[in-house]
Amino acid sequence: MIVLTLKFIIEAIDRLIEKYQERLNEIEDTNKDEASDLGNDTMFLESLRRKLANSLNNSTNISALVGHEVVQPSLNACQKSRDRSKEEYQ
C-alpha cells in the first residue's frame, strides 16, 4: 500500500513540476516575483521527489524519510492478540 501511495505522490509531484515550468516559461520576463516563487517551489518539489524516489527505490522505511518514528503495531503483538482471542473462544 505504501509503495502505491509513494508512486502516486511522485507522479503528482511530476505533474505539478511540469505545470510550474509551463507557468514559469509564460511569466519569467513579466512577473519576477511570481517567477522567483515558482522557481523556489519547483526546487523544493524536485528535492522532495528525489527523496521519495530514493525511499521507494531503496525500499526504506517511511519513518527514515520524515525523520521520526511511525507508530505501527508489531507483528508479534498482532499475533499474540489473535492467539488470546482464539483461547477465549475455546
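Numbers here simply count residues along the sequence, with the first being 1.
- Under the 4.5 Å side-chain contact rule for hydrophobic residues, L4 and I9 do not share a cluster.
- Residue pairs meeting the salt bridge (charged side-chain N to carboxylate O under 4.0 Å, His left out) criterion with at least one member in residues 29-46, sequence neighbours excluded, are R23-E34.
- Partners of L45 by side-chain contact (heavy atoms from CB on, under 4.5 Å), not counting sequence neighbours, listed by chain and number: I13, L16, I17, Y20.
- A single hydrophobic cluster is seen to contain both L6 and L48, as judged by linkage of ILVMFWY side chains at heavy-atom distances under 4.5 Å, directly or through other members.
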### Task
Give the intermediate values and the outcome of side chain to side chain contact (heavy atoms under 4.5 Å, CB included) for residues I27 and L38.
CA-CA 10 Å; I27 58 124; L38 285 172; 4.1 Å; yes

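- Sorted by first and then second residue, the salt bridge (charged side-chain N to carboxylate O under 4.0 Å, His left out) pairs involving residues 11-21 (not counting sequence neighbours) are D14-R49, R15-E18, K19-E22.
- With a 4.5 Å cut-off on side-chain heavy atoms, L24 and T42 do not count as touching.
- Checked against side-chain contact (heavy atoms from CB on, under 4.5 Å), S47 has the following partners two or more places apart in sequence or in another chain: R50, K51.
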